[in-house]
Amino acid sequence: MKLKEMNEALQGLREKYAVQADGVLVACAAGSWGAAAELEINGKRCKLLPWRVERRFIELKKLVDGKTLEDVSTLRFASMVSGGGVEKLLYRELDLCAFLGEAQVRSIFAVMNGATANLVVKLADGKSCSVECSAALPAGTLPMDRHEIIARRGVACDRTVDTQVPQASIYEFTATGEKRFTDTDTELFGFETDEILLIRAAFAMLSNPSIAEEWNAVDALLARQVADALATEKNGKPVIY
Amino acid sequence: MKPVKIAMMALTHGHTRKYYQTLRENSKLDWVASCAADQRAKEVYELYDTGVPCYLSAEEMFEKHPDIEAVVIASANDQHLKEMRLCAERGVHILSMKIPTFDPAEYDEMIQMVDKAGIVCQIELEMHYNPVVKRLQQLIASGEIGKILSVQATNITLSPVWAFPWQGSPEASYGKRVPLRAGDARFRGGALCDHPHIFDLIRWLTGSDFDYVYSEVAPNLRPDIEVEDMILVNGKMKNGVAFLFDPSWSRMEERLAVPAPGWEVFPKRMEVNVTITGEKGTIVCDCFGPNVYHNGAPNDRYTVQYTYFDEWIGLIDEFVTCIREHKTPKINLKWHRQTIDCMNACYASVQSGLPAKV
């Protein structure tokens with residue numbers, strides 16, 4: 001993570017869009033389940049939820065909010081990475097359940113084996129969510145995820161029909177093999193996707209400082225939910241809030 | 001940097017609404033006024049509730065806002081020369097839509113006018129600011145796929161003629177009524193005129209200009225319009241690169257008067273896909289994908305929800321920088337001339353049935 005360059009880019013966005021509030025991106029403590037960086041504003045650490053500013057999730061949320069989808073019933077999420085634990089994946093996916101499902105988590109039941117976790121989650125308004133997580137991809141494999149929203153009217157997904165893995169914008173085939181590239185942000189071109197999302201999340205917070213308190217509260221809730229979810233495997237019964 | 005006081009003119013171009021968010025949010029700009037070509041354009045503009053005053057006459061707009069420094073000319077192609085004159089006379093910088101004019105004499109006049117007035121005239125070819133294209137450019141420049149042999153590209157969309165009727169008018173789109181070829185009831189001014197991007201793109205990706213083109217039109221998918229909607233082009237660049245382009249309106253649409261959800265019939269209403277074959281490798285590229293997808297309201301059809309669409313941000317950034325720092329935009333009138341010449345050569349090829357030299 002190129003924190004120095006990321007902070008320079010953050011300052012560039014502040015200046016361009018005349019945002020008054022200022023802050024600095026700092027790395028999170030090792031072992032944190034949340035985002036890799038936090039925003040320090042006036043000496044206070046604020047948690048970031050970078051997936052909430054990721055464009056595909058914003059568009060999915062718009063489809064729900066704008067009634068393109070009507071009467072959402074079920075969310076089907078999956079997230080697979082190479083290495084690390086499933087906790088980080090659960091943290092993000094549980095937040096996305098509440099964010100895209102637009103209701104708080106009411107119950108969670110997880111079954112786990114090794115670096116995998118399969119969750120059935122209920123939201124307070126009755127929606128169901130399935131969350132498939134794995135940190136067991138072979139080293140060097142690119143992360144994969146899928147977020148599908150199923151409604152009485154319409155299904156929306158961040159993966160296209162008849163595909164099982166994320167598509168890229170560019171595929172390059174040479175004698176050394178295949179390379180893939182997906183660039184989505186002109187203003188932050190050159191940063192890795194994870195870095196872009198952290199800068200965007202920090203910029204969103206500086207543009208609207210009131211979300212700092214909200215996101216810190218969400219972080220505390222998610223930390224508890226992840227711990228509780230892991231415990232359900234041992235307890236053999238769902239956690240209910 | 002002092003914000004540039006900017007205005008929008010005409011508001012009849014299909015890209016008009018793409019500017020609204022950028023003009024409002026970019027602190028380098030102060031969007032002070034708009035003027036509509038007619039009452040209908042004004043009414044459509046008012047649907048977006050920009051809070052920026054809108055006039056029905058450019059003269060009135062300039063009179064009420066003498067501090068306007070730059071204008072986005074968002075009008076039908078046949079209005080561009082007249083509107084550029086209005087701007088140049090006042091020393092107002094111009095962001096022109098993608099086709100300044102197809103008429104070579106008019107084009108020369110525009111170049112002279114802009115040079116004489118000492119103003120910035122940037123052409124709106126937004127693909128230059130697309131991050132996927134930026135990566136494509138980097139990969140080619142890195143030499144990983146070696147010397148380019150061939151380029152294939154699509155610039156295929158739905159037809160905007162129902163929402164923007166001037167795009168189906170030979171006079172308004174092409175500038176005059178020129179039959180496609182003997183025995184064909186259609187005229188120049190359709191899909192080709194809407195899709196200069198790939199003609200521009202190949203020039204800067206290969207660093208070469210066009211040598212010759214060959215072009216054919218197919219039967220229209222929309223038999224009730226006067227202009228071509230299906231057209232294919234192949235040809236060669238001066239450095240030998242072979243190319244094949246599809247700049248058609250090959251995706252069907254609902255005939256909406258104002259673009260809105262449900263406009264598309266085919267799931268993806270706009271596509272720019274590029275394949276580059278080099279001596280050492282191949283790149284395939286989707287400039288507008290991947291996205292988010294749904295089959296919800298209003299028509300319950302599988303639909304691409306365009307997720308990344310930022311080209312206007314970079315385009316406007318360059319325009320502002322050129323104005324404030326007295327620079328020439330990458331896509332200026334002189335650069336763009338070859339692209340327009342090539343598109344005219346495509347029509348000449350359709351007319352003659354033979355390849356046409358550019």
Side-chain angles (χ1 to χ4, degrees), chain A residues 13-19 54-64 66-72 147-163 166-191 196 207, chain B residues 1 3 25-28 126 128-136 138-140 142 144-146 261-262 267-268 273-278 280-298 300-315 317 320:
Chain A
L13 289 174
R14 277 188 61 240
E15 284 163 25
K16 179 172 179 181
Y17 294 100
V19 168
E54 190 166 350
R55 295 275 288 274
R56 59 186 167 130
F57 298 128
I58 290 172
E59 290 301 322
L60 284 173
K61 190 162 166 58
K62 268 166 63 179
L63 293 173
V64 175
K67 305 290 181 201
T68 301
L69 302 185
E70 294 175 8
D71 302 318
V72 173
H147 300 84
E148 183 180 68
I149 304 175
I150 303 167
R152 281 189 187 140
R153 185 177 193 185
V155 173
C157 191
D158 55 3
R159 303 299 170 209
T160 189
V161 66
D162 258 356
T163 57
Q167 302 300 296
S169 302
I170 293 179
Y171 299 83
E172 184 188 53
F173 306 96
T174 64
T176 58
E178 178 193 312
K179 285 187 195 166
R180 296 173 174 214
F181 304 88
T182 299
D183 293 284
T184 58
D185 195 319
T186 302
E187 288 179 311
L188 299 175
F189 186 84
F191 287 102
I196 288 173
S207 303
Chain B
M1 187 187 281
E25 290 182 358
N26 191 328
S27 68
K28 295 174 189 165
E126 68 275 13
H128 282 258
Y129 313 92
N130 175 302
V132 178
V133 173
K134 200 167 176 176
R135 177 71 64 183
L136 179 63
Q138 278 190 358
L139 290 172
I140 292 169
S142 74
E144 285 186 31
I145 62 162
K268 191 166 189 175
N273 284 7
V274 186
T275 301
I276 313 266
T277 305
K280 295 195 285 181
T282 296
I283 296 171
V284 294
C285 170
D286 175 355
C287 300
F288 294 100
N291 291 285
V292 162
Y293 312 86
H294 73 86
N295 71 328
D300 309 305
R301 291 187 189 126
Y302 194 64
T303 302
V304 170
Q305 173 86 1
Y306 286 94
T307 304
Y308 308 102
F309 228 145
D310 279 348
E311 289 74 23
W312 277 265
I313 294 173
L315 184 146
D317 282 345
V320 170

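Every value quoted in this text rests on a predicted model; they were computed, and no experiment measured them. Throughout, protein chains are lettered first and strands after them, A, B, ... in sequence-line order, and every chain is numbered starting at 1.
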Chemist: Which region of B/Tyr306, side chain (C-beta onward) or backbone (N, CA, C, O), has a non-hydrogen atom less than 4.5 Å from a non-hydrogen atom of chain A, or is it both or neither?
Modeler: backbone
Chemist: When rounded to the nearest 0.5 angstrom, what is the spacing between OH in A/Tyr171 and OG1 in B/Thr275?
Modeler: 12.5 Å
Chemist: Side chain, backbone, both or neither: which part of B/Lys134 has a non-hydrogen atom closer than 4.5 Å to chain A?
Modeler: both
Chemist: Looking at A/Thr184, A/Asp158, A/Thr174, which has the largest count of heavy-atom pairs under 4.5 Å with chain B?
Modeler: A/Thr184
Chemist: Given that the side chain runs from C-beta out, which part of A/Lys67 has a heavy atom under 4.5 Å from chain B: side chain, backbone, both or neither?
Modeler: backbone
Chemist: Less than 4.5 Å to any heavy atom of chain B: does that hold for the side chain of A/Glu148, its backbone, both, or neither?
Modeler: neither
Chemist: Using the rule given for side chain to side chain contact (heavy atoms under 4.5 Å, CB included), can you reason through A/Arg159 versus B/Tyr293, listing the C-alpha separation, both sets of side-chain angles and the distance that settles it, and then say yes or no?
Modeler: CA-CA 7 Å; A/Arg159 303 299 170 209; B/Tyr293 312 86; 5.8 Å; no
Chemist: Apply ring pair (Phe, Tyr, Trp, His ring centres under 6.0 Å) to A/Phe57 and list each qualifying residue two or more places apart in sequence or on a separate chain.
Modeler: A/His147
Chemist: Name the region of A/Ala151, side chain, backbone, both or neither, that has any atom closer than 4.5 Å to a heavy atom of chain B.
Modeler: neither
Chemist: With chain B, which of A/Ser169, A/Cys157, A/Ala156 has the greatest number of heavy-atom pairs at distances under 4.5 Å?
Modeler: A/Ser169
Chemist: In terms of heavy-atom proximity below 4.5 Å to chain A, should B/Pro298 be classed as side chain, backbone, both, or neither?
Modeler: backbone
Chemist: By a 4.5 Å heavy-atom criterion (distance strictly below it), what part of A/Phe173 contacts chain B: side chain, backbone, both, or neither?
Modeler: both
Chemist: What's the spacing between B/Arg135 CZ and A/Ile170 CD1 if we round to 0.5 Å?
Modeler: 7.5 Å
Chemist: Nearest 0.5 Å please: distance from the CD atom of A/Glu172 over to the OG1 atom of B/Thr282.
Modeler: 9.5 Å
Chemist: Using side-chain contact (heavy atoms from CB on, under 4.5 Å) as the criterion, point out the one residue from A/Thr68, A/Val155, A/Ile149, A/Val64 that pairs with B/His294.
Modeler: A/Thr68
Chemist: Let me know if A/Phe189 has heavy atoms under 4.5 Å from chain B in its side chain, its backbone, both or neither.
Modeler: side chain
Chemist: Determine the minimum heavy-atom distance between A/Tyr17 and B/Ile313, stating which atoms define it.
Modeler: OH-CG2, 3.9 Å
Chemist: Specify which of B/Asp317, B/Ile276, B/Asn273 makes the most heavy-atom pairs with chain A at under 4.5 Å.
Modeler: B/Asp317
Chemist: Do B/Pro290 and A/Thr182 come within less than 4.5 Å of each other through their side chains, counting heavy atoms only?
Modeler: yes
Chemist: Return the CD to CG distance between B/Gln305 and A/Leu63, rounded to the nearest 0.5 Å.
Modeler: 4.0 Å
Chemist: Has A/Arg55 got a side-chain atom pairing as donor or acceptor with B/Thr307's backbone, closer than 3.5 angstrom?
Modeler: yes
Chemist: Would you compute the distance between atom CD of A/Gln167 and atom CG of B/Asn291 and round it to the nearest 0.5 angstrom?
Modeler: 11.5 Å
Chemist: Using modelled atom types and a 3.5 Å cut-off, is there a donor and acceptor pairing between side-chain atoms of A/Thr186 and backbone atoms of B/Tyr129?
Modeler: yes
Chemist: What pairs with B/Glu311 under side chain to side chain donor-acceptor pair (under 3.5 Å), at least two apart in sequence or on another chain?
Modeler: B/Asn130
Chemist: Can you tell which part of A/Ala175 gets under 4.5 Å to a heavy atom of chain B, answering side chain, backbone, both or neither?
Modeler: backbone
